[in-house]
Amino acid sequence: MEFQRSQRVAEVLHQEISRLIQFELKDPRLGFVTITAVDVSRDVQHAKVHYTVIGDEAAQKDSGRALQSAAGFIRRQLGRVLHLRTVPEIVFQYDKSIAYGNHIESLIRDVNKDRDDAAEDK
């Protein structure tokens with residue numbers, strides 16, 4: 001399978017958006033945000049940017065609002081850096097997979113602890 005243009009664009013967007021969030025966004029609502037993935041449509045017109053936030057639910061909501069309000073700024077900055085005919089429309093989407101993974105890990109730990117406690121009682 002050949003490496004598609006949309007995959008290359010997604011990688012570049014991932015790097016540049018991460019850099020912009022780290023160094024150029026000054027929104028106080030923005031917490032510790034990590035870009036986990038970028039999905040770009042085949043025609044490179046739309047991009048879903050998946051992110052996670054370290055913190056509670058309020059920090060996640062505040063960071064989400066900050067990213068949505070900065071989407072235009074980020075797109076404009078990407079247009080200056082990237083040499084694309086059109087810069088994709090950016091939509092930020094919270095990535096729940098890490099929280100889900102942590103939940104599964106805690107369930108497994110609880111099961112193992114219960115099993116060890118039962119073994120000690122015998």
Side-chain angles (χ1 to χ4, degrees):
M1 184 174 173
E2 74 179 55
F3 199 61
Q4 294 181 355
R5 179 175 183 257
S6 61
Q7 291 171 328
R8 291 192 310 264
V9 170
E11 287 180 15
V12 172
L13 288 176
H14 186 267
Q15 293 170 354
E16 286 300 316
I17 292 172
S18 296
R19 185 189 63 76
L20 287 169
I21 289 172
Q22 184 177 5
F23 296 114
E24 295 192 27
L25 287 182
K26 304 297 182 201
D27 195 326
R29 299 175 294 177
L30 198 61
F32 189 73
V33 175
T34 302
I35 303 300
T36 57
V38 177
D39 297 326
V40 178
S41 63
R42 283 185 172 270
D43 62 356
V44 193
Q45 295 294 315
H46 304 283
K48 281 186 188 175
V49 179
H50 302 275
Y51 68 95
T52 60
V53 178
I54 293 179
D56 59 354
E57 192 172 326
Q60 293 171 2
K61 288 181 181 180
D62 287 344
S63 294
R65 286 188 205 110
L67 288 172
Q68 290 299 338
S69 67
F73 170 77
I74 291 172
R75 187 169 184 236
R76 189 168 43 255
Q77 293 300 102
L78 289 172
R80 291 178 181 165
V81 174
L82 304 178
H83 301 290
L84 297 173
R85 181 172 289 156
T86 59
V87 178
E89 291 288 329
I90 298 171
V91 175
F92 288 96
Q93 191 171 40
Y94 182 72
D95 188 359
K96 298 176 185 174
S97 64
I98 292 176
Y100 181 73
N102 290 338
H103 174 69
I104 296 297
E105 183 179 350
S106 70
L107 290 175
I108 291 171
R109 251 188 270 124
D110 291 344
V111 168
N112 287 337
K113 182 181 177 211
D114 291 344
R115 186 179 56 186
D116 292 343
D117 290 344
E120 288 177 5
D121 291 341
K122 288 184 182 181

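FYI, side chains are in, hydrogens and waters are out, and symmetry mates aren't considered; it's all heavy atoms of this structure.
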#### Entry: Test item: F23 and R19 side chains (from C-beta on) under 4.5 Å apart, heavy atoms
yes
### Task
May I ask you to test the V53-D62 pair for a side-chain heavy-atom distance under 4.5 Å?
no
### Query
Hey, mind stepping through I98 and Y100 against side chain to side chain contact (heavy atoms under 4.5 Å, CB included) and telling me if it holds?
CA-CA 5 Å; I98 292 176; Y100 181 73; over 6 Å; no
Rounded to the nearest 0.5 Å, what separation is found between the [atom1] atom of [X] and the [atom2] atom of [Y]?
X: D27; Y: I21; atom1: CG; atom2: CD1; answer: 11.0 Å
X: R5; Y: D43; atom1: CZ; atom2: CG; answer: 9.5 Å
X: S69; Y: I74; atom1: OG; atom2: CD1; answer: 8.5 Å
X: L82; Y: Q77; atom1: CG; atom2: CD; answer: 11.0 Å
X: Y51; Y: Q60; atom1: OH; atom2: CD; answer: 8.0 Å
X: Q15; Y: I17; atom1: CD; atom2: CD1; answer: 11.0 Å

### Query
Do D95 and T52 have side-chain N/O donor and acceptor atoms under 3.5 Å apart?
no
### Message
When you compare the side chains of N112 and R109, does any donor N or O come within less than 3.5 Å of an acceptor on the partner?
### Response
no
#### Entry: Electrostatic pair D110:K113 at N-O distance under 4.0 angstrom
no
### Query
Do F73 and V87 share a hydrophobic cluster (ILVMFWY, side-chain heavy atoms under 4.5 Å, transitive)?
yes
### Option from H46, R75, Q45 for which side chain to side chain donor-acceptor pair (under 3.5 Å) with E89 holds
R75
### Qualifying residue for side chain to side chain donor-acceptor pair (under 3.5 Å) with D39, from H50, Q93, K48
H50
### Task
Evaluate the side chain to side chain contact (heavy atoms under 4.5 Å, CB included) criterion for residues L13 and V40: first the C-alpha distance (whole Å), next the side-chain angles of each, then the deciding distance (0.1 Å), finally the verdict.
CA-CA 9 Å; L13 288 176; V40 178; 3.8 Å; yes
Quick one: does any side-chain atom of [X] pair with a main-chain N or O of [Y] as donor and acceptor, under 3.5 Å?
X: S63; Y: L30; value: no
X: R65; Y: R29; value: no
X: R42; Y: S6; value: no

### Task
Start with the C-alpha distance between V9 and V38, add both sets of side-chain angles, then the distance that settles side chain to side chain contact (heavy atoms under 4.5 Å, CB included), and finish with yes or no.
CA-CA 9 Å; V9 170; V38 177; over 6 Å; no
### Task
Take I35 and V49 through the test side chain to side chain contact (heavy atoms under 4.5 Å, CB included) and record every step on the way to the result.
CA-CA 7 Å; I35 303 300; V49 179; 3.7 Å; yes
